[in-house]
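Structure, as structure tokens:
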Protein chains: 2
Amino acid sequence: MISGKFAITIHILTLLSKFPDDYLSSDFIAGSMNLHPVLVRKEIANLKKNHIVESKEGKNGGTRLLKSASKITLDAIFKMTFDTVTLGFSKNEPNPDCPVGKQINKNLENLYEDINKTISLQLNDITLEDFSNKF
Amino acid sequence: MISGKFAITIHILTLLSKFPDDYLSSDFIAGSMNLHPVLVRKEIANLKKNHIVESKEGKNGGTRLLKSASKITLDAIFKMTFDTVTLGFSKNEPNPDCPVGKQINKNLENLYEDINKTISLQLNDITLEDFSNKF
DNA sequence: ACATTTGCAATATATTTTATTACAGTATGA
DNA sequence: TCATACTGTAATAAAATATATTGCAAATGT
């Protein structure tokens, strides 16, 4: 539902990792990414659901990391923000009377599943700390 | 600009590989995928540009493979239909005054480039023939 | 000639993403 | 205790993108 989900989430987490002891407001975060604070809060809601961050309401409230950046892999972030990476499906139901049409989506799914496994392996070796250290 | 580009293209190519000696019409192909013939022709135009297929105009015209399915890798199809796979970027320019905002897109690009290399390697080992044999 | 097909551009529709608005609820501190 | 600064969430609007349709010129086989 948000196609920049991964990018937005990793941006948020990078900022949080830079100030691990502070509660950062969605407004402050939104300012760094030039994005509407409501969208930031929507992604933070997702991070909270996954127990990666916690938020404090009210004045001086905000969000901070619940886990050390070295314990958060990019794969975990990937899995939180994507169902799967795909190279796409045709929008319409293919013709079930055609042998190719009948099976194409299943075969594409299998292919994409393999791709996702590879991406996961690759991202599993990179921590938020690694990523954050590049800034 | 067509998000189902890869799926549509591989569907077209699979059909062509099943009838390597016939010229298949865009109408016939569209019928298998329940898609508008104009969109099929649009993807075929792309395939022609890449010298994978040839078309014949006029009555009994259509499209057929120019190369054996065993010589066409999924990586080649991938590269024809995608710029790159990404996990997305935030739509707006990030804040250049923020150290994170300033560099986030470059760092994401690097990450995505690594992912693309992996996907390419993986897809390079699968031919259209392999894919087609699953039907 | 005529039917059938590609090629392509222009336009319209549908879908998905992103942005905005609105407002209730919660903590802080003057 | 009241104003202020936050979060949380839903509803709606706007923008961007993808897909579909229409229309017509040009090519080819019969």
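Below, all heavy atoms of this structure are taken into account, side chains as well, without hydrogens, waters or symmetry copies. Below, chains carry the letters A, B, ... as their sequence lines are ordered, and counting in each starts from 1.
- If you take CG on A:D125 and CG on A:D130, they are separated by 9.0 Å, rounding to the nearest 0.5 Å.
- Distance CD1 (B:I44) to P (C:dT6): 7 Å, rounded to an integer number of Å.
- Between B:N60 and A:L24, it is A:L24 whose nearest contact on DNA chain D lies nearer the 5' terminus.
- Between the CD atom of B:E43 and the C1' atom of D:dA18 there is a distance of 12 Å, given to the nearest Å.
- Under a hydrophobic clustering in which Ile, Leu, Val, Met, Phe, Trp and Tyr are joined whenever their side-chain heavy atoms come within less than 4.5 Å, directly or via other members, A:L47 and A:L66 fall into different clusters.
- Computed from coordinates, the A:M33 CE to C:dT18 P distance equals 11 Å when rounded to whole Å.
- Looking at which nucleotide of DNA chain C each of B:F89 and B:G61 is closest to, the 5′-most match is held by B:G61.
- The ring pair (Phe, Tyr, Trp, His ring centres under 6.0 Å) test applied to B:F19 returns no partner, not counting sequence neighbours.
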What N/O pairs connect the protein and nucleotides 19-21 of chain C at under 3.5 Å? Give each pair on its own line.
unit_1: C:dA19; atom_1: OP1; unit_2: B:N92; atom_2: OD1; d: 3.3
unit_1: C:dA19; atom_1: OP1; unit_2: B:N92; atom_2: ND2; d: 2.5

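- Distance A:N46 CG to D:dT9 P: 12 Å, rounded to the nearest Å.
- Counting only N and O atoms by type, the side chains of A:N95 and B:S32 include no donor and acceptor under 3.5 Å apart.
- Protein atom CZ of B:R41 is 13 Å distant from nucleotide atom C1' of D:dA20, rounded to whole Å.
- Between A:F89 and A:Y112, the ring planes lie perpendicular to each other; the angle is over 60°, past the 30° to 60° tilted range.
- The nearest whole Å value for the distance from the CG atom in A:L47 to the P atom in D:dT7 is 14 Å.
- No engagement by B:T63 is indicated, since no non-hydrogen atom pair under 4.0 Å with the nucleic acid exists.
- Nucleotide D:dC6 holds its C1' atom 9 Å from the CG atom of A:D27, rounded to whole Å.
- Phosphate proximity of C:dT5 to B:S25: absent, as no side-chain N or O sits under 4.0 Å from OP1 or OP2.
- The cluster map of Ile, Leu, Val, Met, Phe, Trp and Tyr, joined by side-chain heavy atoms under 4.5 Å apart, puts B:V53 and B:Y23 in different clusters.
- Going from atom CD of B:E54 over to atom P of C:dT5 covers 18 Å, rounded to whole Å.
- Hydrophobic clustering, with ILVMFWY side chains joined whenever heavy atoms are under 4.5 angstrom apart, groups B:L87 together with A:M80.
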